[in-house]
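Have a look at the structure below before the remarks.
What you see below is based on every heavy atom in this structure, not just the backbone, and it leaves out hydrogens, waters and symmetry mates. Positions are given from 1, in the same order as the sequence printed here.
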Amino acid sequence: MPPLGNRILEFTKELPEGAPIAAKAFLHLGKRAAVDQALSRLAERGKLLRARRGVYLRPVESRFGVRAPSVEKVVEEANARSGETIVSSGAAAANHLGLTTQVPVRQVYLTSGPSRELHLGKQVVQFKHAPRWQLTLANRRAGEVVRALAWVGPQTAERALRSVSQKLTPTEVSELKSVASSLPTWLAKPVSELRV
């Protein structure tokens, strides 16, 4: 029978890029302490990346060498496996919608799950727990507008909404208005006054 580390590596080859690897998935191969130790040794040898305590990732091998999985793939896998809602941060949404020229330095995502950090090589990805209203319309452009307005804050939200609403389709404006009742008062009022 091959050593535990080799058996774990064989299993991880079948996983998609960015899939989290945890000791619980290998308890059929050995005792928990042995699995933890094997994962730790694989990380020390560079065969796995330690994303955070108890969670590992398989590095991607290409003709250019070995690299960490892409942030997008890690977020996709986290979204698919955890059942959480995970969306880009308000700063990223504001940049994408043209409300700011500042490009976020750190990769930050809002989540319905717990706050945590993942280390992808030298890059750090933050997942920050957010209130439900900021996660509304998760993968829709109208939801991106909500997150951008939350990021700019109450003082400039109305002016930012006027600017952004000109870029929205009538369907997107209707979607945005449909969630007005779930938004904080400072945001619900200007959103409900939008013209379709």
Side-chain angles (χ1 to χ4, degrees), residues 1-96 102-132 134-141 143-144 147-148 151:
M1 181 182 294
L4 184 56
N6 291 342
R7 293 168 72 193
I8 290 172
L9 282 180
E10 282 302 311
F11 176 82
T12 63
K13 287 180 183 173
E14 306 297 320
L15 296 174
E17 179 180 344
I21 301 163
K24 288 180 183 177
F26 304 105
L27 294 180
H28 63 284
L29 298 177
K31 295 189 183 208
R32 176 65 189 251
V35 171
D36 283 336
Q37 192 172 46
L39 288 169
S40 181
R41 285 183 180 155
L42 288 170
E44 286 172 10
R45 293 193 342 233
K47 301 291 185 185
L48 294 177
L49 297 173
R50 185 172 189 252
R52 67 183 177 108
R53 185 172 186 230
V55 178
Y56 298 84
L57 299 168
R58 183 176 50 88
V60 178
E61 295 177 28
S62 69
R63 62 183 183 167
F64 302 111
V66 178
R67 65 169 175 82
S70 74
V71 173
E72 292 77 20
K73 294 286 186 185
V74 170
V75 171
E76 275 177 32
E77 286 295 321
N79 207 346
R81 292 171 187 269
S82 69
E84 299 173 38
T85 302
I86 301 174
V87 295
S88 61
S89 69
N95 177 267
H96 185 252
Q102 292 177 329
V103 178
V105 176
R106 298 189 85 180
Q107 294 278 352
V108 179
Y109 291 85
L110 304 179
T111 179
S112 58
S115 296
R116 60 198 184 273
E117 284 187 351
L118 294 180
H119 298 268
L120 310 180
K122 294 182 180 177
Q123 191 170 21
V124 176
V125 180
Q126 282 187 312
F127 291 91
K128 287 187 174 182
H129 180 77
R132 183 177 293 160
Q134 286 188 24
L135 303 171
T136 190
L137 301 170
N139 296 312
R140 316 281 302 167
R141 188 158 180 193
E144 194 174 42
R147 290 187 300 281
W151 181 77

Check whether any side-chain heavy atom of Tyr56 lies under 4.5 Å from a side-chain heavy atom of Leu42, and answer yes or no.
no
Where is the tightest heavy-atom contact between Gly30 and Val35, given as atom of each residue plus distance?
O-CG2, 3.8 Å
Taking CZ in Arg81 as the centre, count heavy atoms belonging to other residues, nucleotides or ligands within less than 6.0 Å. Is the count above 12?
yes
Under 3.5 Å donor-acceptor, Thr85 side chain and Ser112 backbone
no
Rounded to the nearest 0.5 Å, what separates atom CD in Gln123 from atom CG in Leu118?
11.0 Å
Can you see which heavy atom on Ala68 is nearest to which on Gly121, and at what distance?
CB-N, 4.1 Å
Hey, does the side chain of His119 reach the backbone of Ala51 with a donor-acceptor pair shorter than 3.5 angstrom?
no
About how many Å separate NZ of Lys31 and CD of Gln37, when rounded to the nearest 0.5 Å?
13.5 Å
On a heavy-atom basis, the closest approach of Ala92 and Ser88 is CB-CB, 4.1 Å
So, do Leu49 and Pro69 sit near enough that their side-chain heavy atoms are less than 4.5 Å apart?
yes
Under the side chain to side chain contact (heavy atoms under 4.5 Å, CB included) rule, what do Lys128 and Ser89 come out as? Steps first, then yes or no, please.
CA-CA 9 Å; Lys128 287 187 174 182; Ser89 69; over 6 Å; no
Keeping Thr111 on the side-chain end and Ile86 on the backbone end, is there a donor-acceptor pair under 3.5 Å?
no
For residues 47-64, pull every pair meeting salt bridge (Lys or Arg N to Asp or Glu O under 4.0 Å), keeping only residues two or more places apart or in separate chains.
none
Smallest separation among heavy atoms of Ala130 and Leu110, with atom names:
CB-CB, 3.8 Å
How close do Trp151 and Ala94 get, counting heavy atoms only, and between which atoms?
CE3-CB, 3.5 Å
Heavy-atom donor-acceptor pair, Glu117 side chain to Val124 backbone, under 3.5 Å:
no
Is Arg140 atom CZ crowded by more than 12 heavy atoms from other residues, nucleotides or ligands, each under 6.0 Å away?
no
Do Lys73 and Pro16 make a side-chain contact, defined as non-hydrogen atoms from C-beta onward lying under 4.5 Å apart?
no
Taking the side chain as every heavy atom from C-beta outward, state whether Leu27 and Arg32 have any atom pair closer than 4.5 Å.
yes
For Phe11, the option from Ile8, Leu15, Leu9 that meets side-chain contact (heavy atoms from CB on, under 4.5 Å)
Leu15
Residues passing the side chain to side chain donor-acceptor pair (under 3.5 Å) test with Arg41, sequence neighbours excluded, are none
Contact check, side chains of Ile21 and Phe26, non-hydrogen atoms, under 4.5 Å
yes
Can you name the nearest heavy-atom pair linking Thr12 to Leu48, along with the distance?
CG2-CD2, 4.5 Å
